[in-house]
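To start, the structure itself, in structure tokens.
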Amino acid sequence: MIKRINRMEKVWLALGLLIGLFIVLIGCGSNSGSPTTDGEGLSGSIKIIGSNTVTPLSTVWAEEFMKVHPKVSIAVSGPGSGAGIAALLNGTTDICQASRTIKQSEIDNARANGVEPYETQVATDALSVVVNPANPVSELTIAQLSAIYTGKITNWYEVGGSDAEIVVLSRDTNSGTHVFFKEHVVQMLGLASEDKSLEYGSKVLFLPSTEEGVSEVAKNPNAIFYPGLGYVTDEVKPLAIKKTADDPGVLPSVATALDGTYPIARPLLFYTDGTPDGVIKAFIDYCLSPDGQAKVTEVGYVPLNN
Amino acid sequence: MKTRMASRQMSQQIAFGLLVVATAIVVVPVIIIILQIVINGGGAISWDFLTQPPAQAGKAGGIFPAILGTFYLMLGTIIVALPIGVLVGVYLSEYARDNWFTRTVNMAIVNLAGVPSIVYGLFGLGIFVLAFHFGMSLLSASLTLACQALAMTVTTSREAILAVPREYREGSLAVGSTKWQTIRHIVLPQAMPGIITGAVLAMSRAAGETAPILVVGAAFFLPALPQSPFDQFMALPYHLYTVAAHIPGMSKTTIWGVALVLLVVVLAFNVLATIIRLHARKRRYST
Amino acid sequence: MRLKQIASNADATAALASGLARRWRLGEKFIEGWIYLAGLLTIVVLLGIIVLLIKEGVPIFLDTPPWEFFFGTKWYPVSEPPTFGIMPFFVATLWVTIVATAISVPIGVACAAYLSEVAPDSARETVKPVIELLAGIPSVVMGFIGLMLLSPLVQSAFNLNTGLAGLTAGIMLAFMSLPIIISVSEDALRAVPDGFRQASYALGANKWETIWHVCIPAALSGITAAVMLGVGRAIGETMTVLMVAGGALAVPVSPTDPMMPMTAAIASGIGNAVRGGLQYQALFAIGLILFILTLAVNLIADRVLERQKRKFAR
């Protein structure tokens, strides 16, 4: 009888310790969440879901905004623009961050679900094409890029590099960058050689995140990838892009995106259900303000022309 | 005759050698993995890392919200999965007659145990996030993980209750208790260590699951902590998945550090479960 | 006088007792009701999964006929018009499962044989905790290790363009299946009655010959079940393959190709899918196929295990 009580006691003790640990943690949690000063009395929570490209920007904006308004909590996730648009349609996000424009079919779909997408451009991006620093190739035309990504060109020597098989990296279908690159580079939108039937080649590797692509290019001398400007580091080499064989090659930068010489620049957007109001409007106003736009340059993207 | 004996001996030695090699192939990589994580990630562990929220898009600061989110998930999972698991375990061991209902429940448990975690993610998305309109939240994620944990809590509870010797029940009934009184005052307390072991293991599993919360919506960056079950949350396994591809500007040590913290949390619960199990066994056999 | 008191006392007690008994019985019924409800809940969850998968997944066959869905090789969910062919995913799942099984079965069974028949107690006490440790490592950590440690190794060892390939994923999956294969095989070997071994020794066989010719064949159904459980685990694993299998959409012709198994296809596509849209339906359909596959494998394993238990129950 006594022995059984001892065993039971040990079990309850262990359980009690566990529950105690939880309570302490939750207590710590709630304490660090309480505000010390009340900025403007703004409170609420904002979910931002969508583009992996825009994520570094939104997280910086979210952090700065929350410093001034401690009662507001902003959650950022970056699975991809497509995911963000889907979340907007499903009603599971407040702001959809996107690195491509919403398609007409998606707008129709949204309206059928009772959602009215409202677009706000918050920055611009120069979509960079990067290779390993050891790769001798420094510039490519859009047509050559299209051929590489459809699988027509498979070896670096065909574009002036060494004799090695090209490791073609792309983002997966969640990504707005994937769609933008497909339309503007693979399908050569706006050029004489435009071909809407072209698809990514069967040997292309589809990666779930921009970070993974950049990391692989930094490691792999034969890899090629297309990250947003904010993701370009010293470990990779951006290529100069020529619109056609006759045009000069232009390197991606804030300047070339702003003056329009870089051929693959794109808007970075926030979509909301209807015009933003309340906390969401305050946040987006901050992003568009001079303070917010200064952050854009810090992160490495291109601020709006004002 | 002698040489055949010798060659048979040699075959045996070789065979045993191969068996040992096979075992080494299992054991050595595990040790290497653990050592790598500890060595590479140890540098990231500091009080700040464990208690501060992330800053600068996660490049600086700590991972406290992810740790807390993981604990919230474990708590939410077990609050739902344990009571139901125990009740079903009681049903299967005490009340079940050999009819179609019992057979179906048993079959349901076996099937649920084998469902891939991504399918649970789809289920959580379709039912909790969308149909019930809980959205991407702690609540949806906990309920999804609870469904996944159900098979484990039921099986361990059932085994623990079945292990209680028949004499205990008969003795209780002999002094006039009802069936439920017997279960409540005699059987369940006896089975408690086994049930708790199963619960702790289920929590450890919930802590490490990524696929369901990837689908049901864990957040990457959320410096504020979830204040209600309807808020989004950060979680260690999702955080590791996101940073594993080397966020530019994030030091490799930090990434290994996240892996280390996750590993420690999961293994701590596994070790706890083992301790409870061993203690109970020791006590039971010491009369 | 006293008799009447006693009688009325007796009546009162009897009334009280039967009242209590009724309350007890009602209380019992109440609790029992909850217990039956809980049992029902497990069936409801399973049915819920099945119904949801069918309801959301089957409509895709109205757009893409089943033949085209299963055997089509083009997966372009965001093109206009979108095409949904899942052969690349199915073959990828096949490849990683084959690699994982080819590695984990011989090693797992050998390790189980060692632990159950040959190992001294000290070795058992050291090895078993390590295997439990392995079982506890979360899949995302295994994927992370595969990404950081194994994929560069595979890349240089096989002279590949990238270490993100089915082979890498298969090796990590093998490690994740090992604990269950070892544990169930060991149980199967232990269940072989000692009399078998004694008879074998009596006939002059040595220990290894006994293991190889008697124990393992006797435990074969249990070992088969173990293998099936390992296979089920490999088919259903998501994070590891998502992180290291490569993500290429072509039908993989060799295990060193980068590939995308079905689980990874669902995980990487589901964020993009709008509820009720074509891609959503297609992904749920893949989920349904996965569910049926793992169900079949696990049911077979369960049946085999039941039969083995009955075979040696005395």
Side-chain angles (χ1 to χ4, degrees), chain B residues 8-9 11-12 15-16 18-20 22-23 25-27 29-31 33-34 36 84 87-88 90-91 95 101 104-105 108-119 122-123 125-127 130 147 150 154 178-180 204 208 210-211 214-215 237 240-241 244 259 262-263 266-267 270 274, chain C residues 24 27-28 31-32 34-36 38-39 41-43 45-46 48-49 52-53 56 107 110-111 113-114 118 127 130-134 136-141 143-145 147 149 175 178 182 206-209 232 235-236 238-239 243 263 266-267 270 275 284 287 290-291 294-295 298-299 302:
Chain B
R8 282 169 61 206
Q9 268 296 92
S11 317
Q12 175 164 281
F16 282 3
L18 285 177
L19 291 189
V20 173
T23 311
I25 294 181
V26 177
V27 168
V30 179
I31 301 184
I33 290 175
I34 306 281
Q36 282 284 325
I84 301 180
L87 281 178
V88 181
V90 166
Y91 168 75
Y95 287 90
F101 186 65
T104 320
V105 173
I109 297 297
V110 170
N111 294 349
L112 283 175
V115 173
S117 52
I118 188 72
V119 174
L122 285 178
F123 178 66
L125 179 70
I127 298 285
L130 296 176
C147 289
L150 205 56
V154 167
T178 64
K179 188 164 189 174
W180 175 246
S204 152
T210 322
L214 193 141
V215 176
L240 179 62
Y241 167 65
L262 175 60
L263 200 64
V266 168
L267 292 184
N270 278 9
T274 312
Chain C
W24 269 354
E28 284 275 307
I31 302 283
E32 280 179 29
W34 279 109
I35 292 183
Y36 279 114
L41 196 63
T42 56
I43 303 181
V45 171
L46 183 67
I49 296 179
L52 187 74
L53 288 175
E56 304 286 358
I107 296 183
C111 186
Y114 177 69
V118 179
V127 171
V130 175
I131 297 179
E132 276 187 35
L133 201 68
L134 177 61
I137 299 181
S139 54
V140 63
V141 175
F144 178 63
I145 295 287
L147 193 63
L149 297 180
F175 273 104
L178 272 171
I182 295 176
N206 66 21
K207 193 158 192 183
W208 169 246
E209 286 160 349
I235 294 178
T238 311
M239 291 321 292
M243 292 166 91
T263 46
I266 299 177
I270 194 67
R275 177 184 188 186
F284 267 83
L290 255 180
F291 177 77
T294 47
L295 192 76
N298 280 303
L299 269 179
D302 191 64

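Chain A is the first sequence line, chain B the second, and so forth, proteins listed ahead of strands; every chain is numbered from 1.
Heavy atoms of B/I84 lying under 4.5 Å from chain C belong to its backbone as well as its side chain. Residue B/N111 touches chain C through both its backbone and its side chain, counting heavy-atom pairs closer than 4.5 Å. In this structure, chain B has heavy atoms under 4.5 Å from both the backbone and the side chain of C/N206. Only the side chain of C/F175 comes within less than 4.5 Å of a heavy atom of chain B; its backbone N, CA, C and O stay farther away. With a threshold of 4.5 angstrom between heavy atoms, C/I145 approaches chain B through side-chain atoms but not through N, CA, C or O. Contacts of B/V105 with chain C are made by both backbone and side-chain atoms, with heavy-atom separations under 4.5 Å. Of the atoms belonging to B/L267, it is side-chain heavy atoms, and not backbone ones, that fall under 4.5 Å from chain C. Residue contact with chain B, scored on non-hydrogen atoms closer than 4.5 Å, involves the side chain of C/L178 exclusively. For C/L299, the part lying under 4.5 angstrom from a heavy atom of chain B is the side chain only. Both the backbone and the side chain of B/T210 come within less than 4.5 Å of a heavy atom in chain C. For C/I235, no part sits under 4.5 Å from any heavy atom of chain B, backbone or side chain. Only the side chain of B/F16 comes within less than 4.5 Å of a heavy atom of chain C; its backbone N, CA, C and O stay farther away.
The CE atom of C/M239 sits 5.0 Å away from atom OH of B/Y241, with the distance rounded to the nearest 0.5 Å. The line from CH2 of B/W180 to CD1 of C/I35 is 5.0 Å long, rounded to the nearest 0.5 Å. In this structure, CG on C/L52 lies 8.5 Å from CG on B/L125, to the nearest 0.5 angstrom. With rounding to the nearest 0.5 Å, the separation of CD1 in C/I182 from CG in C/L134 is 7.5 Å. If you take CG on C/L46 and CD1 on B/I109, they are separated by 9.0 Å, rounding to the nearest 0.5 Å.
Looking only at distances, no side-chain donor or acceptor of B/Q36 sits under 3.5 Å from a matching main-chain atom of B/I33.
The choice from C/L133, C/L53, C/I131, C/V127 that makes the most heavy-atom pairs within less than 4.5 Å of chain B is C/L133. Top candidate by heavy-atom pairs under 4.5 Å with chain B, chosen from C/I137, C/L41, C/T238, is C/T238. Between chain C and the options B/L87, B/V88, B/I118, B/I25, the largest number of non-hydrogen pairs under 4.5 Å is found for B/I118. Heavy-atom pairs under 4.5 Å with chain C peak, among B/L262, B/I34, B/L130, at B/L130. For the options C/V45, C/L290, C/I31, heavy-atom pairs under 4.5 Å to chain B are most numerous at C/I31. Ranking B/A22, B/S117, B/C147 against chain C, the residue ahead of the rest is B/A22, based on heavy-atom pairs under 4.5 Å. Of all the listed residues (B/S11, B/A259, B/G126), the one sharing the greatest number of non-hydrogen pairs under 4.5 Å with chain C is B/G126. In terms of heavy-atom pairs under 4.5 angstrom with chain B, the leader among C/N298, C/I43, C/T294 is C/I43.
When every heavy atom of C/W208 is checked against every heavy atom of B/Q12, the shortest pair comes out as N-OE1, 2.8 Å.
Classified by interplanar angle (parallel below 30°, tilted 30° to 60°, perpendicular above 60°), the ring pair B/Y91/B/F101 is perpendicular.
Exactly one of B/V26, B/V27, B/T23 qualifies for a side-chain contact (heavy atoms from CB on, under 4.5 Å) with C/V130. That residue is B/V27.
Ring centroid separation for the pair B/F123 and C/F291 does not come in under the 6.0 Å cut-off.
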Residue pair C/M243, C/V140: steps toward the side-chain contact (heavy atoms from CB on, under 4.5 Å) verdict
CA-CA 8 Å; C/M243 292 166 91; C/V140 63; 4.1 Å; yes

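Side-chain contact between C/P138 and B/L263: present, with at least one pair of heavy atoms (C-beta onward) separated by less than 4.5 Å.
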